[in-house]
Amino acid sequence: MTDRGASALSVPDDWPAHPDPILALNRMGSFDWDLDTGLMHMDAQAHEVFDVRPEEYDDHPETLAMRVPRGEAQRLDALVSQAMKDGSENYGIYFRIRCRDGSLRWTHTQGYIRRDETGRPRRIIGIVRDATEELSDTEARRERAGQHQARRQQTNVVQRATAALAHARTVDDVIDALKDTHGLTHLGATSLVMGLVEAGRIRLVAEGPAGSFVPGTRITRIDEPYPMSEVVRTLSPRFIESPEDFAERYPALWPHLTGLNITSAAYLPLIAQARPIGAMGLLYNDRRGFTPEERNVLVALGSSIAQSLQRAMFYEQEKDLAQGLQQAMLPRTIPSVPGADVAVRYRAATIGGSLARDIGGDWYDLIPLPGGRVGAVIGDVQGHDTHAAAVMGQLRIVLRAYAAEGHTPATVMARASVFLHELDTDRFATCLYAEADLATGVVQVVRAGHIDPLVRRPDGSCRRVRVEGGMPLGLSAEFGRLTYPVSTLELDPGDTLLLCTDGLVEQPGADVDEGLQTLIALITGGPDDVRDLADRLIDVAEERSSDDDVALLLLRRRAPDAPQPGGRLQQHVAPGDPEALTEARHMIHAAVHAWGGGDRADEVVLVADELITNALIHTEGSAIVTLRVLTASDRRLRVEVEDSSSALPRRRDAGESGVSGRGLLLVDLLTDVWGVEARGGGKAVWCEFVVERS
């Protein structure tokens, strides 16, 4: 019994939910061994079989080494390992344990191996029992051979039913597993009826065979004269051994069942954490009466079904809570963006075939900005728990606030990193922020440890846009590296910008580059509409059953109906950053062309370049260049370069080299008007151009 790994199959802390029925199962104890986590949960009778006290056993099989001699443990481990390797469904073995007083006694265990769809063993469910008497001598063993075979068959019924229920995640899954034809065969019953306790009443959730519904029993009170009500009140099973017995004990119910040829029935309370959560009835038409062994098996089945139902209820409650929290943290609605089609999607992670609390740290956001611009955000906070979601919610709000205040993309990212670093958390986050001017198609992108964006063309072709990035949010502040380079790209009408988290890209056994190539191929062959494309990508993520969340944002630029006034772009240029200066030139050139001023694009770029260079050379800080359209009638473009110095620019004669001193002369010659404005502790040099529509 060795540790078989560590994953995330969840077993309730209070397992077994109600041990009393199992204690009566022929002195058998039961265990549930999760091979992913390595934890083996045992009930109270199993503790007695191994002669250990509850406080001595910590759910780790290695703890039993004090009771199982090394040779016996090696033999047991070899058998279990071989059964898992050769595809066996179950195994059985006799082995000896050393009791607390030092004596040895024989024990028998039988386990059922549950595998996933790939055939990999994930869980072993079985029983252990004291086998000293049956192995005391050969003759006694022969005499008990028949009893052992019957007991084994009974145990198989428990194991098969428990294995079928082990796959159930929701209450409906439990009901489907029990109502399935094979499930009823395992239970030996003709039909099944089940009810759940809700607010002092029993609500019927499984009705047995078609046509067997009894009017007035959909919802019944616990004090009514029905067998399910009785077992819930008394917490004890009821075995009905003949039609006459049924008619005498439940005269209000029996007339509705006469056409089903029922000869006997067993009604069992479903008990979890010492309280009734429901009741189940098994109806038979091929037997009369129940042996003590059969009653014990049915009681044990009821306990197993109750545990499955409780897990399903907890799962559904956690699912509802997690989904509510996730929806509260993500934007309630995505605003309509003039000039763009937008689609967003979110999909929760799955671990071990079940949802990982349906919650994580992935998020998206769309932020309307002045001047027809829009900010698109995609991010991923480390972790898959409520804490990650809470951090994500705070980070999303502050990032939106910084962007709405008008900060440049690099400043937005740097401030968000500082905020996350100052939170009382050890989580970091990757993020990508894209600020798009839909009038011009110019997009400024800042990346913090996140995967690159993709751009899809109207013809369906798709490419990865490599964006220089900085460190993840939180880490960049911790290590004092808050500089985030700004990259510029252009979206032509019909182009789609795609931002996603790594859950859509990462695949087992493949690196990120391979995953991106697979995603690009999928996008290339996907539908044209952004909503249909988003649905297709999420469907593929669902099929993969990834253990990571997926957040997705698609923004497609529509062709403008007519040139729109009021466009505005802004770029931050730091000293000693020639790439930022190059990006600013590119942004201005593209914007002037998009706004219909292509004839003067070179002049605007030259003047802006001169003003930015002057600000960087003659001041000690950064420069912020802003380009915007002032009016629609005469198409006036305005360029502003702001710096932190209050010293006003002045004309100077050209130096001996004939280069220095010509800056303001160029500005004066090439612009229609220019000037200087005081801005707080600094100034802004501005100039305007009247352009012809091209």
Side-chain angles (χ1 to χ4, degrees), residues 1-19 22-23 27-85 88 90-102 104-116 120-131 158-159 162-163 166 273 303-304 307-308 310-311 314 351-354 356-357 385 547:
M1 298 181 182
T2 55
D3 193 345
R4 304 288 179 183
S7 183
L9 282 177
S10 175
V11 177
D13 293 335
D14 59 327
W15 192 97
H18 193 67
I22 300 177
L23 295 177
R27 296 192 303 166
M28 291 190 295
S30 61
F31 66 88
D32 188 337
W33 188 4
D34 186 336
L35 299 178
D36 289 329
T37 63
L39 300 179
M40 185 171 72
H41 301 269
M42 301 194 306
D43 63 5
Q45 185 64 23
H47 290 162
E48 291 188 16
V49 171
F50 281 100
D51 199 13
V52 295
R53 299 187 180 99
E55 63 270 18
E56 295 175 338
Y57 182 64
D58 60 359
D59 293 340
H60 289 82
E62 299 86 349
T63 308
L64 297 177
M66 63 180 176
R67 291 288 176 261
V68 183
R70 175 174 296 182
E72 298 292 293
Q74 291 174 347
R75 189 166 58 88
L76 178 59
D77 271 355
L79 176 74
V80 175
S81 298
Q82 183 61 35
M84 290 193 291
K85 290 178 182 177
S88 300
N90 52 57
Y91 64 85
I93 186 174
Y94 290 91
F95 63 100
R96 290 175 297 176
I97 66 169
R98 187 174 301 280
C99 298
R100 189 178 301 276
D101 60 5
L104 292 174
R105 74 181 180 199
W106 282 101
T107 303
H108 182 265
T109 182
Q110 188 162 350
Y112 177 84
I113 303 172
R114 185 168 70 83
R115 304 173 185 272
D116 61 20
R120 177 187 173 190
R122 304 302 297 273
R123 190 174 181 182
I124 298 178
I125 303 165
I127 58 137
V128 292
R129 58 187 174 82
D130 184 350
V158 177
Q159 291 175 344
T162 304
Q273 292 182 318
S303 178
S304 178
Q307 294 174 48
S308 297
Q310 186 186 44
R311 285 196 299 267
F314 284 158
I351 296 179
S354 62
R357 296 181 178 267
D385 50 28
D547 59 357

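In what follows, residues are counted from 1 in the order of the sequence shown. Here the structure is a predicted model, which means the values were calculated and not measured.
When all heavy atoms of Leu64 and Met42 are compared, the closest pair comes out as CD2-CE, 4.2 Å. Residues Met40 and Tyr57 approach most closely at O-OH, 2.6 Å, considering heavy atoms. What you find for Leu35 and Pro121 is that their closest heavy atoms are CD1-CB, 3.6 Å. A pairwise comparison of heavy atoms in Arg129 and Thr107 identifies O-CG2, 3.2 Å as the closest pair. Closest heavy-atom contact between Asp130 and Trp106: OD1-O, 3.3 Å. Contact between Val68 and Ala73 at its shortest, heavy atoms only, is CG1-N, 3.6 Å.
The main-chain N or O of Ile127 is found under 3.5 Å from a side-chain atom of Thr109 such that the two form a donor-acceptor pair. Between the side chain of Asp34 and the main chain of Gly38, no donor-acceptor pair closer than 3.5 Å is present. Judged by distance alone, with hydrogens and angles left aside, the side-chain atoms of Ser81 form no donor-acceptor pair with the main-chain N or O of Ala78 at under 3.5 Å. Judged by distance alone, with hydrogens and angles left aside, the side-chain atoms of His47 form no donor-acceptor pair with the main-chain N or O of Gln45 at under 3.5 Å. Not one N or O on the side chain of Asn90 forms a donor-acceptor pair closer than 3.5 Å with the backbone of Gly111.
Annotation: side chain to side chain contact (heavy atoms under 4.5 Å, CB included) contacts of Leu79 (sequence neighbours excluded): Tyr91, Ile93. Taking Arg53 as the reference, Glu55, Glu56, Arg100 meet the side chain to side chain contact (heavy atoms under 4.5 Å, CB included) condition, with sequence neighbours excluded.
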Does Cys99 form a side-chain contact (heavy atoms from CB on, under 4.5 Å) with Arg105? I'd like the steps, not just the answer. CA-CA 7 Å; Cys99 298; Arg105 74 181 180 199; 3.5 Å; yes

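Side-chain contact between Phe31 and Val128: present, with at least one pair of heavy atoms (C-beta onward) separated by less than 4.5 Å. Within the 4.5 Å cutoff, the side chain of Pro61 has no heavy atoms near those of the Leu39 side chain. Two residues are said to be in side-chain contact when any heavy atoms from C-beta on lie closer than 4.5 Å; Asp51 and Arg98 fail this criterion.
Of the inter-residue distances, the one linking Ile124 atom CD1 with Gln110 atom CD reads 12.5 Å to the nearest 0.5 angstrom. Expressed to the nearest 0.5 Å, how far CZ of Arg115 lies from OG of Ser88 amounts to 7.0 Å. Atom CG of Leu104 sits about 8.0 Å away from atom CD of Glu72, to the nearest 0.5 Å.
The one candidate from Asp32, Asp116, Asp36 that meets the salt bridge (Lys or Arg N to Asp or Glu O under 4.0 Å) condition with Arg123 is Asp32. The only option from Ile125, Val80, Ile113 that meets the side-chain contact (heavy atoms from CB on, under 4.5 Å) definition with Trp33 turns out to be Val80.
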